[in-house]
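A quick write-up on the structure given underneath.
Residue numbers start from 1 in every chain, and the chains themselves are labelled A, B, ... in the order their sequence lines are given, proteins ahead of strands. Keep in mind that what you see is a predicted model, and the values were worked out from it rather than measured.
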2 protein chains.
Amino acid sequence: MADVKPIGKALFLREEELRRGIELMFFAYRDFTGEADSILAEQNMGRAHHRAIYFIGRNPGITVSDLLTILCITKQSLSRVLSGLMQDGYVTQKPGATDRRQRLLYLTGTGIAFESRLTSLQGRRFAAAYREAGVDAVDGFQRVLRGLLDSDTIDQIAQQDQTRDI
Amino acid sequence: MADVKPIGKALFLREEELRRGIELMFFAYRDFTGEADSILAEQNMGRAHHRAIYFIGRNPGITVSDLLTILCITKQSLSRVLSGLMQDGYVTQKPGATDRRQRLLYLTGTGIAFESRLTSLQGRRFAAAYREAGVDAVDGFQRVLRGLLDSDTIDQIAQQDQTRDI
DNA sequence: GGTTTTACGTCAGCCATGTTGACCAATATA
DNA sequence: TATATTGGTCAACATGGCTGACGTAAAACC
């Protein structure tokens, strides 16, 4: 029976492997974010706050519209989160030097400390996974993840890298 | 200057690599789920429905409590989603043969077709990423993702695999 | 056989985070 | 000066998490 339909068997294995990838993505993302989520909850924040803090910390002086482009949410959703973060003293803004309509976003000292706490937590998880899996695995991991991206996202990441390297 | 603090430099590269992982996870997960999200939206469903449909399809006859264990959400959250799915004819339940308190969950024909549509969409994305990245990369990808999991999740996945192989 | 535990459902209400649409102010630019 | 852009804000809504309380049927146990 097993030898009669080698093609069917191959397809079955293929689907099984694809499902394994889908499921691993789900579980890994959940566990990866879960740890940070509980720290955020202590400060009455959610993932939306985390994302804003992370990308402001990563791109100090980023404009609101650039942050919107990265996060792919509406202005209103971001605005709500940002007002909270500014009120609680994690983020400050200052008008753009050339274009004074822009409000460039920065983390405060508190914000920097908090970002660092969250990122090192997630970083430790990654470091452990990388260490277990080995260097070659890390390369493969990143290659596959990049392959999962929309082409828009790829462009966007490339652009961000350029901006940082100036 | 670059040669004076090789350790600092190494740490910088390390942090940069960890951040790259964190960001790739965020973008890849978003893009990976985004495509399915828009199909789900057409049927007035969200990701919660997708997860339920997926895991019921993957484990036909699963009990509500086992599904809760997989999803890690509250009974009430799942209940809301399941009632909707049963009302709309994607899912049916039947009492357990040995334990009649249990309500074993199954996809209907409609449910199977819908699950298949969503999974093949996500599967195609994975297949493309796997193809681009190569076989070794896929192995590395899966090893790193498994390294990101909580130990509870690892046990849980192992147990699911056993159940399916019976 | 009676008690306790388990599996599941349901009602009410809260919160975070996403959405749309409309509208306003300041400023840059053609 | 007219128009476009950047950003904020208000109202209203949906989804999907959560808690707590309570009910019911069936299984398990003493």
Quick one: do B/Arg143 and A/Asp136 satisfy salt bridge (charged side-chain N to carboxylate O under 4.0 Å, His left out)? Show the steps, please.
CA-CA 10 Å; B/Arg143 287 157 64 94; A/Asp136 292 351; over 6 Å; no
Tell me if a side-chain donor or acceptor on A/Ser120 pairs with a main-chain N or O of A/Gly123 at a distance below 3.5 Å.
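Not confirmed, A/Ser120 side chain does not pair with A/Gly123 backbone.
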Just so I know, are the side chains of [X] and [Y] near enough to count as touching, which here means a heavy-atom distance under 4.5 Å?
X	Y	value
B/Ile154	B/Arg146	no
B/Arg117	B/Ile39	yes
B/Leu149	A/Leu24	yes
B/Asp66	B/Asn59	no

Looking at A/Ser65, I'd like to know whether one of its side-chain N or O atoms comes within less than 4.0 Å of OP1 or OP2 on D/dT5.
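Looking at the OP1 and OP2 atoms of D/dT5, neither is under 4.0 Å from any side-chain N or O of A/Ser65.
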Check salt bridge (charged side-chain N to carboxylate O under 4.0 Å, His left out) between A/Arg47 and all other residues, then give those that pass, not counting sequence neighbours.
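Once residues adjacent in sequence are excluded, the partners of A/Arg47 under the salt bridge (charged side-chain N to carboxylate O under 4.0 Å, His left out) criterion are A/Asp37.
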Which residues satisfy the salt bridge (charged side-chain N to carboxylate O under 4.0 Å, His left out) test with A/Asp31, sequence neighbours excluded?
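Applying salt bridge (charged side-chain N to carboxylate O under 4.0 Å, His left out) to A/Asp31 gives none.
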Axis-to-axis angle across the helix from C/dG1-D/dC30 to C/dA30-D/dT1, five pairs an end, to 10 degrees?
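Inter-axis angle at the termini of the helix from C/dG1-D/dC30 to C/dA30-D/dT1: 20°.
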Before we go on, tell me: are the rings of A/Phe126 and A/Phe32 under 6.0 Å apart, centre to centre?
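Aromatic pair counts; centres sit under 6.0 Å.
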Run the ring-centre check on A/Tyr90 versus A/Tyr106 and record whether the distance is less than 6.0 Å.
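They do not qualify: ring centres at least 6.0 Å apart.
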Return the value, rounded to whole Å, for the distance between atom [atom1] of [X] and atom [atom2] of [N].
X	N	atom1	atom2	result
A/Glu42	C/dC15	CD	P	19 Å
A/Leu82	D/dG7	CG	P	11 Å
A/Leu67	D/dT6	CG	C1'	14 Å
A/Leu104	D/dT6	CG	P	13 Å

What's the closest nucleotide to the A/Ser79 side chain, out of D/dG8, D/dG7, C/dG9?
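My answer, after comparing the listed nucleotides, is D/dG8.
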Please report the C-alpha distance between B/Glu35 and B/Gln122 in whole Å, then the side-chain angles of each, then the deciding distance to 0.1 Å, and finally whether the side-chain contact (heavy atoms from CB on, under 4.5 Å) criterion is met.
CA-CA 8 Å; B/Glu35 221 173 0; B/Gln122 297 195 317; 6.0 Å; no
Within residues 86-94 of chain A, which residues have any heavy atom lying less than 4.0 Å from an atom of DNA chain D?
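Close to the strand are A/Gln93.
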Just by protein heavy atoms under 4.0 Å, how would nucleotides 13-23 of chain D read 5' to 3' in B, S and -?
---BBBBBB--
Begin from the C-alpha positions of B/Phe55 and A/Phe27 and carry the test ring-ring contact (aromatic ring centres under 6.0 Å, His included) through to its verdict.
CA-CA 12 Å; B/Phe55 285 106; A/Phe27 290 120; 5.8 Å; yes
Please write out the pairs of protein N or O atoms and N or O atoms of nucleotides 24-30 of chain D separated by less than 3.5 Å, giving the distance to one decimal.
| unit_1 | atom_1 | unit_2 | atom_2 | d |
| --- | --- | --- | --- | --- |
| D/dA27 | OP1 | B/Arg100 | N | 3.1 |

Would B/Arg30 pass as a cation-pi partner of B/Phe26, given that its NZ or CZ must be under 6.0 Å from the six-membered ring centre and within 45 degrees of the axis?
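Here B/Arg30 passes the 6.0 Å and 45° test against B/Phe26.
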